[in-house]
Amino acid sequence: SQQGEEDPQALSIQEGENATMNCSYKTSINNLQWYRQNSGRGLVHLILIRSNEREKHSGRLRVTLDTSKKSSSLLITASRAADTASYFCATDGTGFQKLVFGTGTRLLVSP
Amino acid sequence: DGGITQSPKYLFRKEGQNVTLSCEQNLNHDAMYWYRQDPGQGLRLIYYSQIVNDFQKGDIAEGYSVSREKKESFPLTVTSAQKNPTAFYLCASTPDGTGELFFGEGSRLTVL
């Protein structure tokens, strides 16, 4: 079952622009995570935000969480071509240590 | 360097054959997972194991089997009962309690 749904499915921007992608989920969660996947590779963890947090920063990444709306957003500021990848949200709503992933947003950053 | 090693990276199989995908980690993590990813899709959980000699079915366990005889190893067998096995398979692990998953580089299985 897919707990999270990312929006948009695909996003194309120019270098230097900001990229925002959203994630909606269905059930209560303890935490929400964002992962990045380069084409044909494994996923890499970016950031984890707990249910009692509203915003978190890590370098050029900013994540927000609105538990009342069951949604999260990932903002990448000053995008670079190297940010081109798919981005997935993952939630633990179905059980401890059992993450459920969304369908992902494909980000293309053009030089 | 610590990490998760999946092998083989590419695997071709004829219909009716069982294949086993290897996943080894030297991170001393308790929990290990197998996910399947189809083109343009998210990850779906096949099996997971929170401790040696114990594992649980995920959302799409039919046609798959696993074992967890050692903490470091969590091999996945794709059996002939799996109707549509062509996919990208990802192994992951996590230390108890943190929630963050560490992934291998994946194994791409193609059924000919």
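In what follows, every chain begins at residue 1, and chains take the letters A, B, ... in the order their sequences are listed. Fair warning: this is a prediction, and the values are worked out from it, not measured in the lab.
B:F55 and B:L45 sit in two unconnected hydrophobic clusters of ILVMFWY residues. Membership requires side-chain heavy atoms under 4.5 Å apart, directly or through other members. Using a 4.5 Å cut-off between side-chain heavy atoms of Ile, Leu, Val, Met, Phe, Trp and Tyr, with links allowed through other members, A:I76 and A:V109 fall into the same hydrophobic cluster. If you chain together hydrophobic residues whose side chains sit under 4.5 Å apart, B:Y47 and B:L101 never meet in one group. Linking ILVMFWY residues whenever their side-chain heavy atoms come closer than 4.5 Å, directly or via other members, leaves B:I60 and A:F101 in distinct clusters.
Applying the 6.0 Å contact sphere to CZ of B:R13 captures more than 12 heavy atoms from other residues, nucleotides or ligands. A:E55 CD: more than 12 foreign heavy atoms inside a 6.0 Å radius. For A:L108, the CG atom counts as densely surrounded, since its 6.0 Å shell holds more than 12 non-hydrogen atoms of other residues, nucleotides or ligands. Within 6.0 Å of NZ on B:K9 lie more than 12 heavy atoms contributed by other residues, nucleotides or ligands. Within 6.0 Å of atom CD in B:E62, 12 or fewer heavy atoms from other residues, nucleotides or ligands are found, so the atom counts as exposed in its surroundings. Within a 6.0 Å sphere centred on CD of A:E15, other residues, nucleotides and ligands contribute more than 12 heavy atoms. Within 6.0 Å of CD on B:E15 lie no more than 12 heavy atoms contributed by other residues, nucleotides or ligands. Remark: A:R80 CZ is loosely packed, at most 12 non-hydrogen atoms of other residues, nucleotides or ligands lying under 6.0 Å away.
Residue-level contacts of residues 104-112 of chain B with chain A, in order of numbering, are B:G104, B:E105, B:R108; threshold 4.5 Å between heavy atoms. Of all residues spanning residues 74-93 of chain B, those with a heavy atom less than 4.5 Å away from chain A's heavy atoms are B:F88, B:L90, arranged by number.
When all heavy atoms are compared, the tightest approach of B:E100 to A:Q33 is CA-OE1, 3.5 Å.
Neither the backbone nor the side chain of A:E6 comes within less than 4.5 Å of any heavy atom of chain B.
Counting heavy atoms from C-beta on, the side chains of B:Q37 and A:F88 come closer than 4.5 Å. Between B:L43 and A:Y35, the closest side-chain pair of non-hydrogen atoms is not below 4.5 Å. B:Y35 is listed as a side-chain neighbour of A:L99, based on a closest heavy-atom distance under 4.5 Å.
Atoms CZ and NE2, from B:F103 and A:H45 in turn, are 10.0 Å apart once rounded to the nearest 0.5 Å.
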